[in-house]
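Inspection log for the structure reproduced underneath, given as structure tokens.
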Amino acid sequence: MSKVLKSLLLTALLGVTGLISGCGDLTVLNPKGPVAKGQSDLIIYSIIFMLVIVLTIFVLFTIMLVKYRERKDISNYEPDMHGSRKLEIFWTLIPVAIVIALAIPTVKTIYAGEEAPKVTSHKDPIVIYATSADWKWIFSYPDESIETVNYVNLPTDRPVLFKLTSADTMTSFWVPQLGGQKYAMSGMTMNLYLQADEVGTYKGRNANFNGEGFADQRFDVVAQSEKDFKKWAKETKANSPVITQDTYDRLLIPGSSKKKTYSGTHLAFVDVAADPEYVFYAYKRFGYEMTNPHNPNTKSTISDKPMLPVRPVTVTNPQFERHDMKPQIIKNGEGYHEDKHREDEMKKMEDDIQTNEFNKKESDDAGN
């Protein structure tokens with residue numbers, strides 16, 4: 001066996017060993033819901049497709065090395081040969097076909113994720129607001145009038161509409177076994193459909209780095225039967241302390257948090273998307289000042305009690321004025337109603353950001 005072949009085999013063995021040892025918990029490829037299943041199938045399809053391409057290239061490369069290696073007999077050597085229209089068209093069409101073969105299923109999967117899973121599209125989704133705050137997740141159930149911190153319960157075999165937003169830094173909401181990630185941004189509300197088919201506890205996290213507490217911004221997703229979920233929601237609403245504006249403002253102070261449960265939601269007194277500056281007022285209420293995390297000598301003291309009155313409903317998001325939108329306050333017991341919750345306006349805001357229209361308007365206004 002030649003030294004080159006031995007080196008190739010050793011490299012392949014080490015590569016496979018590294019891959020296996022590093023993939024002991026590939027939750028992305030262990031889906032527990034239809035959304036994650038579609039994305040997992042797409043990943044596997046892409047990997048197999050690309051492996052076929054790589055294998056083909058290596059086979060052709062080996063053929064070239066053997067067939068056109070240097071030899072004594074060069075009677076068939078044609079140094080003046082140039083161009084081949086058929087070959088040029090052929091190897092131009094190959095990458096085009098590859099892109100099409102990968103793009104079509106990718107686009108289909110992406111657009112399918114923007115709607116409730118087809119298998120349960122006949123069921124009304126449960127709506128849960130997921131608000132990110134350094135470094136914790138706050139989950140609000142407008143229909144059930146309950147709120148949780150760093151864990152979320154949901155029923156199986158029923159679509160779940162997560163409405164993502166952030167009180168401060170941009171984060172990314174991700175539950176690998178239930179579906180792909182989506183960004184939660186200040187001043188926006190993004191929709192993400194997920195569904196769990198099996199009872200169990202799944203790990204979720206923030207997948208976008210946002211400072212020193214990033215590693216701790218995790219949460220548990222507890223999937224339970226419809227009956228158990230309704231029982232949990234009823235008992236939680238009856239037995240948990242009521243969340244007040246003081247309690248919510250204190251939660252916004254940067255830092256990790258244990259799992260917490262409340263009756264009522266913060267949606268009854270603040271619209272984070274309409275008032276992205278709310279978090280800074282919450283800081284002032286408790287005397288918190290942002291400091292340099294790299295300087296161990298700087299410390300911020302936090303008051304046990306609020307030093308300022310509660311903030312009234314306010315609009316500080318310039319896009320709300322542009323789209324003639326009003327703050328969305330969901331009183332406890334009112335529930336979620338799609339026709340009253342700015343779906344069209346939020347879509348316009350999202351389109352403006354993607355096309356950079358809002359930044360253009362801001363620049364024009366500044367110029368005038």
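By convention here, the first residue in the shown sequence is residue 1.
- Once rounded to the nearest 0.5 Å, the distance linking CD1 of I110 with CG of L42 reads 8.0 Å.
- Under the 3.5 Å distance criterion, the side-chain polar atoms of R158 are matched with a main-chain donor or acceptor of D124.
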### Message
Pair H266, L251 - check side-chain contact (heavy atoms from CB on, under 4.5 Å), show working.
### Response
CA-CA 11 Å; H266 73 270; L251 279 173; over 6 Å; no

### Task
Applying side-chain contact (heavy atoms from CB on, under 4.5 Å), run through N153 and Y141 and close with a yes or a no.
CA-CA 10 Å; N153 284 27; Y141 299 72; 4.0 Å; yes

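- Proximity of a side-chain donor or acceptor of Q245 to a complementary backbone N or O of R311 within less than 3.5 Å is detected.
- When only modelled atom types and interatomic distance are considered, T316 and D275 share a side-chain donor-acceptor pair under 3.5 Å.
- Between F49 and Y45, the ring planes lie tilted relative to each other; the angle falls in the 30° to 60° range.
- Residues passing the side-chain hydrogen bond (donor to acceptor under 3.5 Å, both in side chains) test with Q217 are S132, N206, N210, sequence neighbours excluded.
- Taking the charged nitrogens against the carboxylate oxygens, K305 and D246 have no contact shorter than 4.0 Å, which rules out a salt bridge.
- More than 12 heavy atoms of other residues, nucleotides or ligands shown are found within 6.0 angstrom of CD on E88.
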### Query
Could you walk me through whether F214 and R205 pass the side-chain contact (heavy atoms from CB on, under 4.5 Å) check?
CA-CA 9 Å; F214 159 74; R205 65 166 302 152; 3.1 Å; yes

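- Counted by atom type alone, D220 and T201 present zero donor-acceptor pairs between their side chains at under 3.5 Å.
- A donor-acceptor pair under 3.5 Å links the side-chain atoms of S263 to the main chain of K237, judged by distance alone.
- If you check the side chains of T244 and T247, you find a donor sitting under 3.5 Å from an acceptor.
- The two atoms that bring R285 and P309 nearest to each other are NE-O, 3.4 Å, heavy atoms only.
- Checked against a 6.0 Å centroid threshold, the rings of F269 and Y278 do not count as neighbours.
- Note: F280 and Y283 have perpendicular aromatic rings, judged against thresholds of 30 and 60 degrees for the angle between ring planes.
- Both F90 and I98 sit in one connected hydrophobic cluster of ILVMFWY residues. Membership requires side-chain heavy atoms under 4.5 Å apart, directly or through other members.
- Two residues are said to be in side-chain contact when any heavy atoms from C-beta on lie closer than 4.5 Å; W232 and V222 fail this criterion.
- Under the 30°/60° scheme for interplanar angles, the aromatic rings of F139 and F162 are found to stand perpendicular.
- The structure places NZ of K136 at 8.0 Å from NZ of K260, a figure rounded to the nearest 0.5 Å.
- One distance of note links OH of Y281 with CZ of F286; it measures 11.0 Å at 0.5 Å rounding.
- A donor atom on one side chain and an acceptor atom on the other are found under 3.5 Å apart for T261 and Y151.
- Taking hydrophobic clusters as Ile, Leu, Val, Met, Phe, Trp and Tyr residues chained together by side-chain heavy-atom distances below 4.5 Å, V272 shares a cluster with Y288.
- Of the options V127, T265, I330, I146, a side chain to side chain contact (heavy atoms under 4.5 Å, CB included) to S140 is made by T265 and by none of the others.
- We find the NZ-CD1 distance between K331 and I329 to be 6.5 Å, quoted to the nearest 0.5 Å.
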